[in-house]
Amino acid sequence: MRLLFLGDLMGRAGRTAAIEALGELRASLKPDMVVVNGENAASGFGITGKIAESLFEAGVDVITGGNHSWDQKEVMGYIGGEPRLLRPGNFPDGTPGRGAGVFTTAGGAKLLVVNVMGRVFMDPLDDPFAYVDRVLARHPLGGAVQAVLVDVHAEASSEKMAMGHFCDGRASLVVGTHSHVPTADAQILPGGTAYQTDAGMCGDYNSVIGMDKAEPVRRFTQKTPGVRFSPASGEATVCGVFVQTDDRTGLATRVEPVRLGGRLAEARPAL
């Protein structure tokens with residue numbers, strides 16, 4: 001299976017860039033499934049049903065979430081009826097929506113997508129490792145499903161790395177989100193699971209993690225409250241991860257970062 005994962009869509013600039021890039025990425029990478037993290041898609045804070053529908057219409061198959069999943073209150077009435085929109089599965093029982101789902105490719109193969117949130121420097125949710133372990137036990141790789149993608153939305157690199165090794169051999173890809181900065185550690189772990197600590201964001205990198213830089217810089221230098229953060233609106237870079245798996249085992253045979261357009265693409269050295 002060929003899987004394309006795009007990091008946090010940051011506001012209008014990020015989601016527009018991702019939608020516009022999907023045609024080129026589909027033509028070049030030919031993914032069987034496209035998964036994006038959409039928890040910052042609505043002005044940097046959460047997602048709406050309207051935005052989710054626009055992403056699905058553009059060819060996104062699954063949208064994952066994170067700590068901003070509930071910032072747009074209207075999503076509470078939408079997420080329960082839309083299985084393609086996930087939120088971290090280790091929220092308490094009774095939280096609307098779901099943290100995992102099995103999705104079928106055009107060719108009939110099944111992909112399990114798991115969304116989970118870390119606890120280090122984040123809200124103290126239920127144990128993410130226990131949740132992932134339960135879901136993977138119900139959907140063994142190479143058996144019930146042909147591929148498994150785990151989006152671990154977390155602040156600490158150590159927690160993301162631990163989740164990668166915890167899932168090694170049981171998932172096709174474990175990828176981190178939330179930090180909005182792409183890491184340079186894309187690799188296939190010893191057990192065959194592709195891993196990257198953070199996919200980065202789809203957004204304007206002339207910013208402070210996607211936000212217009214003036215207010216964050218002012219707060220850091222003056223240490224006083226101010227106006228609400230707003231997403232940077234310049235040219236966006238599309239960042240993510242592409243993985244190809246073995247059809248028999250579901251384990252990764254290829255992993256590479258995706259970087260298209262914007263400032264980061266221009267900064268790449270000539271080879």
Side-chain angles (χ1 to χ4, degrees), residues 1 3-5 7-8 32-39 60-67 69-70 79-105 108-120 122-156 159-178 188-189 191-199 241 243 245-246 248-252 255:
M1 194 180 297
L3 304 173
L4 173 62
F5 179 87
D8 309 49
D32 297 299
M33 282 281 182
V34 177
V35 182
V36 305
N37 185 290
E39 69 126 21
V60 171
D61 296 296
V62 185
I63 303 171
T64 55
N67 57 301
S69 288
W70 312 115
I79 193 169
E82 180 46 80
R84 296 173 294 176
L85 177 60
L86 302 179
R87 47 79 173 163
N90 55 324
F91 273 102
D93 289 344
T95 303
R98 50 190 64 78
V102 176
F103 305 92
T104 305
T105 70
K110 294 186 182 302
L111 166 69
L112 169 67
V113 180
V114 186
N115 189 192
V116 70
M117 197 159 89
R119 297 190 293 184
V120 179
M122 304 279 281
D123 290 339
L125 299 182
D126 296 341
D127 183 355
F129 293 88
Y131 175 78
V132 169
D133 194 44
R134 291 194 301 270
V135 175
L136 295 185
R138 293 196 301 267
H139 302 89
L141 184 62
V145 295
Q146 284 69 63
V148 174
L149 186 156
V150 179
D151 173 358
V152 52
H153 196 80
E155 185 76 39
E159 192 172 19
K160 298 177 189 181
M161 290 179 177
M163 183 64 76
H165 291 292
F166 182 73
C167 296
D168 191 18
R170 299 190 291 166
S172 309
L173 169 65
V174 175
V175 59
T177 55
H178 180 67
I188 297 178
L189 298 175
T193 294
Y195 173 80
Q196 185 169 328
T197 298
D198 202 282
V241 184
V243 171
T245 68
D246 182 286
R248 182 179 58 85
T249 65
L251 297 173
V255 59

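Please read all numbers here as calculations on a predicted model, not as lab measurements.
- Between the side chain of Glu159 and the backbone N or O of Gly118 there is no donor-acceptor pair closer than 3.5 Å.
- With sequence neighbours left out, Asn90 forms a side-chain hydrogen bond (donor to acceptor under 3.5 Å, both in side chains) with no residue at all.
- When side chains are defined from C-beta on, His165 does not count as touching Tyr195, because their heavy atoms never get closer than 4.5 Å.
- With contacts defined as side-chain heavy-atom distances shorter than 4.5 Å, the pair Ile79/Trp70 qualifies.
- Screening residues 91-101 for salt bridge (Lys or Arg N to Asp or Glu O under 4.0 Å) gives no qualifying pairs among residues at least two apart or on separate chains.
- Between Ile188 and Val243, the closest side-chain pair of non-hydrogen atoms is not below 4.5 Å.
- Checked options Lys160, Arg119, His178; the residue passing with Glu155 is His178 (criterion: side-chain hydrogen bond (donor to acceptor under 3.5 Å, both in side chains)).
- In this structure a side-chain-to-backbone donor-acceptor pair under 3.5 Å is missing from Asn37 to Ile63.
- Nearest heavy-atom pair across Val174 and Cys167 is CG2-CB, 3.7 Å.
- Inter-residue side-chain proximity for Pro88 and Val116 is flagged as unmet; no heavy-atom pair is nearer than 4.5 Å.
- Using modelled atom types, no side-chain atom of Asp32 and backbone atom of Met1 make a donor-acceptor pair closer than 3.5 Å.
- A donor-acceptor pair is defined here as one N or O able to donate and one able to accept, closer than 3.5 Å; no such pair exists between the side chain of Gln196 and the backbone of Val175.
- Among residue pairs with one or both ends in residues 125-140, those qualifying as side chain to side chain donor-acceptor pair (under 3.5 Å) are Asp133-Arg170; sequence neighbours excluded.
- Between Val35 and Leu3 there is no side-chain heavy-atom pair separated by less than 4.5 Å.
- The shortest non-hydrogen separation linking Asn67 to His153 is OD1-NE2, 3.0 Å.
- The two residues Asp8 and Thr177 come nearest to each other via the heavy atoms OD1-CB, 3.3 Å.
- A distance of 12.5 Å separates CG in Leu4 from CE in Met33, rounded to the nearest 0.5 Å.
- Atom CG in Leu251 sits 5.5 Å away from atom CG in Leu141 (nearest 0.5 Å).
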Working for side chain to side chain contact (heavy atoms under 4.5 Å, CB included), residues Leu149 and Phe5
CA-CA 9 Å; Leu149 186 156; Phe5 179 87; 4.0 Å; yes

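- Taking every heavy atom of both residues into account, Arg248 and Asp246 meet most closely at N-OD1, 2.7 Å.
- The structure places CG of Asp168 at 4.5 Å from CG of Leu189, a figure rounded to the nearest 0.5 Å.
- A side-chain donor-acceptor contact under 3.5 Å links Asp151 and Thr64.
- Residues Gly7 and Ala199 share a closest heavy-atom pair of CA-CB, 4.0 Å.
- Heavy-atom minimum distance, Ala147 versus Ser172: CA-OG, 3.3 Å.
- A distance of 8.5 Å separates CG in Leu125 from OG1 in Thr95, rounded to the nearest 0.5 Å.
- For the pair Met117/Ser69, no side-chain contact is recorded, criterion being any heavy-atom separation below 4.5 Å from C-beta on.
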